[in-house]
Amino acid sequence: MTVAVVVFPGSNSDVDAQHAVRVAGANATLVWHKDTDLGDAQAVILPGGFAHGDYLRTGAIARFSPIMNAVRDFADRGGPVLGICNGFQILLEAGLLPGAMVRNRDIKFVSRLVPVRVDQVDTPFTSACRQGQVLHLPIAHGEGNYTADADTMAALEANRQVIFRYVDADGQPCEAGNPNGSARNIAGICNATRNVVGLMPHPERACEAALGSADGLAVLSSLVHGLGVSSSR
Amino acid sequence: MRARVYVTLKPSVFDPQGRVVTDALTTLGYDDVRDVRQGKYFDLEVAGTDAEQVRARVTDMASRLLANPVIESYRVEVLA
């Protein structure tokens with residue numbers, strides 16, 4: 001299988017994501033944001049970085065990149081789409097996921113390894129995880145403070161669309177375990193049809209023990225094994 | 001014509017930057033400051049002479065790009 005990793009001007013985790021997909025056992029190709037089709041890709045990753053400089057708002061300009069029409073069509077057909085960090089912010093601006101990001105609670109860019117609990121396993125990106133499993137993943141963002149209106153938040157909880165939450169050392173989603181002020185400790189969500197997932201932590205930067213954690217591999221392995229094709233690298 | 005678009009976080013959305021500015025003002029001795037909300041504005045030069053048409057165009061720009069309606073409100077002024 002092939003995963004398309006979209007490259008925006010300012011993406012900086014594109015090659016990391018491509019590498020991590022390969023570590024998980026599938027092929028990954030880089031697709032430029034001005035391209036208009038995704039080829040034969042069976043999944044799409046919008047990687048981390050600072051697309052278009054994050055000018056105006058994070059993800060606000062990237063949302064209008066030509067490739068996003070193809071990403072939207074792919075998502076509407078049920079194709080698995082993963083937005084990591086800036087990719088998550090782009091999915092929010094594009095309306096492919098509900099809610100929005102504001103500046104971190106303490107107005108600081110936070111870059112460190114944090115415990116993240118997998119709350120739902122019925123998505124293409126968590127199917128190889130255990131419910132309640134705690135993954136140690138790096139975060140690196142200035143705007144990861146998720147917010148949504150009360151109705152949206154209620155719907156997210158009722159439909160089990162909160163996929164990842166920040167937790168403390170005991171695995172509890174409390175204030176002490178919340179690195180950025182995100183509502184309800186939300187680290188990642190999915191859409192109503194569960195094929196589009198966005199998360200602020202970087203699983204692709206934690207796929208090998210040499211990187212300090214290999215926990216992120218569970219996210220990419222979920223995708224590769226879920227689609228049932230192991231590939232030719 | 002010139003137009004100005006003010007963009008602010010909706011009252012229900014926590015403004016971390018406004019909070020920090022509030023704290024800084026308090027530290028400077030302005031302890032009468034109760035709250036600060038930070039926003040931004042855009043000055044646009046738009047072709048056209050009909051104020052209402054320009055207003056409609058700029059309102060469209062504000063809703064599609066300049067503001068994120070999920071968390072922000074905007075106000076359009078046509079300045080002539």
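Throughout, protein chains are lettered first and strands after them, A, B, ... in sequence-line order, and every chain is numbered starting at 1. Predicted model, so just to flag it, every value in this text is computed and none were measured.
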Which one of A:G99, A:A148, A:A150, A:A183 has the most heavy-atom pairs closer than 4.5 Å to chain B?
A:G99
Side chain from CB out, backbone as N, CA, C, O: work out which of these in [X] comes under 4.5 Å of a heavy atom of chain B, or both, or neither.
{"X": "A:L56", "answer": "both"}
{"X": "A:D106", "answer": "neither"}
{"X": "A:R57", "answer": "side chain"}

Heavy-atom count around B:R2 CZ within 6.0 Å, excluding the residue itself: above 12?
no
Neighbour count >12 (heavy atoms, 6.0 Å) for atom CZ, B:R19:
no
Which bit of B:R64 is near chain A, if near means a heavy-atom gap under 4.5 Å: side chain, backbone, both or neither?
both
If every non-hydrogen atom of A:A100 is compared with every non-hydrogen atom of B:V70, which pair is closest and at what distance?
CB-CG1, 3.9 Å
Please name the pair of heavy atoms, one in B:L65 and one in A:F64, separated by the smallest distance, quoted to 0.1 Å.
CD1-CE1, 3.6 Å
Considering heavy atoms only, which positions within residues 28-51 of chain B lie below 4.5 Å of chain A?
B:K40, B:F42
For the interface with chain A, which of B:V7, B:N68, B:L9, B:I71 has the highest count of heavy-atom pairs at distances below 4.5 Å?
B:N68
